Structure formats: structure tokens, C-alpha cells
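Here's the structure we're looking at; comments come further down.
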Amino acid sequence: MEIKKITDWGIFDSYPLFIAGPCSVETPEQLDSTVGELAKLGFKIIRGGVWKPRTRPNSFEGLGSIALPWIQDLQLKYNVQFAIEVASPYHVEQALEHGIGIFWIGARSTVNPFTVQEIANSLRGLDVPVFVKNPVNPDLALWIGALERINQAGIKRLGAIHRGFSNFNDKVYRNSPTWQIPLELKTRYPDIPLINDPSHISGRRDLILPVSQMALDLNFDGFIIESHIDPDKAWSDSAQQLKPTALNDLIRQLQTRIPAVDNPLLESQLEIIRGHIDEVDRELLEVLSRRMKLVEKAGEYKRLNNVAIFQMERWKKVFETRPEWAKALQINPEFVKELFNIIHTESIKKQEEIMEGKLDDALRDD
Ligand SMILES: O=C(O)C(=O)C[C@]1(C(=O)O)C=C[C@@H](O)C=C1
């Protein structure tokens, strides 16, 4: 993908970058007072929901086009630019007609390639900044596909927004962050600016700071955060919006990190530690390989004696004891559970191959 560096977009002049503003545009007064406060605090790019895709009917679905002239006026009044969500070519056309030229594609649109393609077609030939939110489900390919569609329409000021992933019963987050997905995106496409949306991940004010700090620690480029002049009275997402002044305080508490070590002394210390990590990883793999060989032997035994591959009682024991052992070694037992689930899946795959006779030769080589 051909992407313009965020520093060359011409709209953000500091790191980390911020887009802040209300979840929804509600009234001319609410918008004016929120944007006025934010502008006074130095925010230059304002978000504001005009068309809101809501999960269920009878929720506030945004005011639609009547809000656009208010936005147009405030852009001039406070010398700010608005970013809004677009979900159809009609939204793009309406926004452009009102001088709004920064867009994002929402999570519910990203899941649908037809929708994304229609929006991409309507953006063809324009030079506007566009952000693509992750799809509601943790599907990196779908996210990349949407970014590619927009990029192929000629949009080079292209960014990604991580708003977290819908879940069935996450007890902490509104949308599970599943950080490995945005990190994988960053690894594959380092040029695509990655923006964190702590408001939608958190769903509640008190989590916004730790989520934002995590994003900075993971090298995100910036944030899109919801801010409302009177959050408790907000027509949507009331629990997760912050007053502009509270947002400003929160930002001051954030610790920015340097992306990589550029001090030669610190660099060499880190290199020494990395050398040890390399050694340990090799040992880890050697141990894993020894375990796999034993699993193959057990598989061969099962094949010869016609025994089922999945051994529930034994597996229960393994699954109970390893997290206990981990605790004693000060390793997070939840991590170890996940690890052993992956190991067990691989054991079963290997033994299935043995049952089907596919690994005979490999075993004979032993
Ligand atoms: O104990 C066995 O029967 C094995 O084959 C080993 C193993 C494991 O990976 O630990 C693999 C599959 C079974 O479901 C249970 C345990």
C-alpha cells in the first residue's frame, strides 16, 4: 500500500496526535460549547457523530444532514477541522458539500466489503484523510482488506483506528482490545498510522487512562477520544465521555515513550539482554521439541492399540497442574492455560496425522 507518512498529512503537528469531540452532535449549543472548550485547550481535529450506526433500533441514531451546517460554521469560528464517520457515498457527498474533509469508516461498515467498496468509489480522485476502524470481529484480514480498498481508490492519507472487538462477556472492557491484532497490523504495515480509541474499548471513564497508556507503550501514533461538555447528559455513550478539561488532565498524565533506543550505552545493554533471550528461546524450543517427540510416541502407541487420541482425564490433569506449577514459578497461570491449550491442539493434530499413517516415516527416522 502506498501511504503518506502521518507527519506529512498537514493536519497533525505533534506526537501523539489527538482527535477529540463528542460521540454525537446533539444541539448547536452542545456542539459550540464542547468545540469551543476543546479549541481553547489546543485541540485542532474534532470528532462528531452525525450518522450513528446503532446496534438496536430506538437508540439515538444521529441527527444526519441538519448537523452539517453547524459543523461548517464551527470549523470557521474556532479554526478546527472535523472528522466524521461515513457509511455510504451519500454521507461522503453531504460532508464534502459542507466543507468536512476528514472521514472514518466505522467498525460495522468495515465488516462489509460491499459497503467499503462503495465508500471507496465515492472517495476516488479526492485527497482527503481517511481512517478505517477495525471490524467488530477480530479479523485482521477484513481490516486490511478495507484499508486496501480505500488505498486503491487513491487515498494515501490513510490511517487505522483500533476501537476494540465485540465480545460476548468481557467483564472489563466494552470492546476487548485484543492488542495482538493492531500490533500485527503495525508490524505488517508500519507506515499506516495507528490510532487508539480508548473510549470505545473502555466503555467507562475510569479505564480510559490505563488503556491510553497501554496504547502509548505499544507505540500507537495517537488517539481518538470522546469528549462532551456535559457527559452525564450526553445522548449517546454517556459513561465513556470526558469533559474537555478532564480530557486535558488525562492527557497530561500520559507518559510518552521513545520508539526505539538511540543511546549507545542503553542500546548495548538491551542487546546483551536480547542475546540471553535468544538463548532461552532456543532452549524453550528444544524442550518443546522433546515434548512433541513424546506426544508422537504416545500417538504411535494409540494407533497400534486403537486408543482414542483425546484423553479427557489425562488432559484435565495436565490443564489443572501446569497453571499451578506456573504460579509457583511466578508465571501468569492464565497465560500458561492459553499456552497449553495451543500445545494440546498441536498434540492432537500430530497424533491425528500418526493415526492416518502420515508420520510413519518420520517416526522410523528416530
Ligand atoms: O496423554 C496422552 O494421551 C497424550 O497423548 C498427551 C496429551 C498431551 O499433549 O499432553 C495429548 C493428547 C491427549 O488428549 C492428552 C494429553
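What's counted below: heavy atoms across the whole structure, side chains too, no hydrogens, waters or symmetry copies. Start at 1 with the first residue, then count along the sequence. Note that ligands are numbered from 1 as they come in the structure, with each ligand's atoms numbered from 1 the same way. Here the structure is a predicted model, which is why all the values come from computation and not from measurement.
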Hey, do the aromatic rings of Phe310 and His344 have their centres closer than 6.0 Å?
-> yes
Contacts satisfying ring pair (Phe, Tyr, Trp, His ring centres under 6.0 Å) that involve residues 150-172 (not counting sequence neighbours) are His162-Trp179, His162-Phe220
TODO: Answer whether the closest heavy-atom distance between the side chains of Asp8 and Lys5 falls below 4.5 Å.
DONE: yes
For His228, the ring pair (Phe, Tyr, Trp, His ring centres under 6.0 Å) test, sequence neighbours excluded, returns none
Applying side chain to side chain contact (heavy atoms under 4.5 Å, CB included) to Trp70 and Val25, what does each step give before you reach the verdict? CA-CA 9 Å; Trp70 311 343; Val25 176; 3.7 Å; yes
For Phe131, the ring pair (Phe, Tyr, Trp, His ring centres under 6.0 Å) test, sequence neighbours excluded, returns Trp9
At a 4.0 angstrom heavy-atom cut-off, ligand 1 is contacted by Arg291, Val295, Ala298, Lys302, Ile309, Phe310, Gln311, Arg314, His344, Ser347, Gln351
